[in-house]
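See below for the structure under consideration.
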Amino acid sequence: MSVFSTFAIYFIIWWITLFVVLPLGVRTQAEENDVVPGTVESAPARFRALRVVLLTTVIAAVIHLGWYVLSVKLGYDIDAIPRFAPKFY
């Protein structure tokens, strides 16, 4: 597998993980009782971008490492997943 393919898969995993990590630990302006005029109450009170990026990177790296070991080193691929649905052809 090429380096570009490995990086592309890591990027996809990172992007999906980002949307899982974004809502973790977020407190809204309504929860903080500090609503800024002109914003909605559900807006984050403090957005911690560095924390989100670092947590996403660590979690995505662990998932990517697991995928890499299973697929490249141990040889598991999409055909190793058992087929539960019947074949219709």
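All residue numbers in this chain count up from 1 along the given sequence.
Under the 4.5 Å side-chain contact rule for hydrophobic residues, Ile12 and Val20 do not share a cluster. In the hydrophobic cluster analysis, where Ile, Leu, Val, Met, Phe, Trp and Tyr join through side-chain heavy atoms closer than 4.5 angstrom, Val58 is grouped apart from Leu22. Side-chain heavy atoms closer than 4.5 Å link hydrophobic residues (I, L, V, M, F, W, Y) into clusters, and following such links, possibly through other members, connects Phe47 to Leu24. Under the 4.5 Å side-chain heavy-atom criterion for grouping Ile, Leu, Val, Met, Phe, Trp and Tyr, Phe11 is connected to Leu55 within one hydrophobic cluster. Trp14 and Leu54 are not part of a single hydrophobic cluster, where members link through side-chain heavy atoms under 4.5 Å apart.
Not one N or O on the side chain of Glu32 forms a donor-acceptor pair closer than 3.5 Å with the backbone of Arg27. Between the side chain of His64 and the main chain of Thr6, a donor-acceptor pair closer than 3.5 Å is present.
Atoms OG1 and CD1, on Thr56 and Ile13 in that order, are 13.0 Å from each other to the nearest 0.5 Å. Distance check, rounded to the nearest 0.5 Å: OH of Tyr10 to CG of Leu65 gives 11.0 Å. Separation of atoms OG1 (Thr17) and CD1 (Ile63) is listed at 4.0 Å; rounding is to 0.5 Å. How far CG of Leu18 is from CD1 of Ile59: 10.5 Å, rounded to the nearest 0.5 Å.
Nearest heavy atom pair, residue Thr39 against residue Gln29, reads OG1-OE1, 2.9 Å.
By the 6.0 Å contact criterion, OH on Tyr68 is open, its count of non-hydrogen atoms from other residues, nucleotides or ligands being 12 or less.
Contact annotation: the side chain of Thr28 never approaches that of Glu41 to less than 4.5 Å [non-hydrogen atoms, C-beta and beyond].
For Phe4, there are no ring pair (Phe, Tyr, Trp, His ring centres under 6.0 Å) partners at least two apart in sequence or on another chain.
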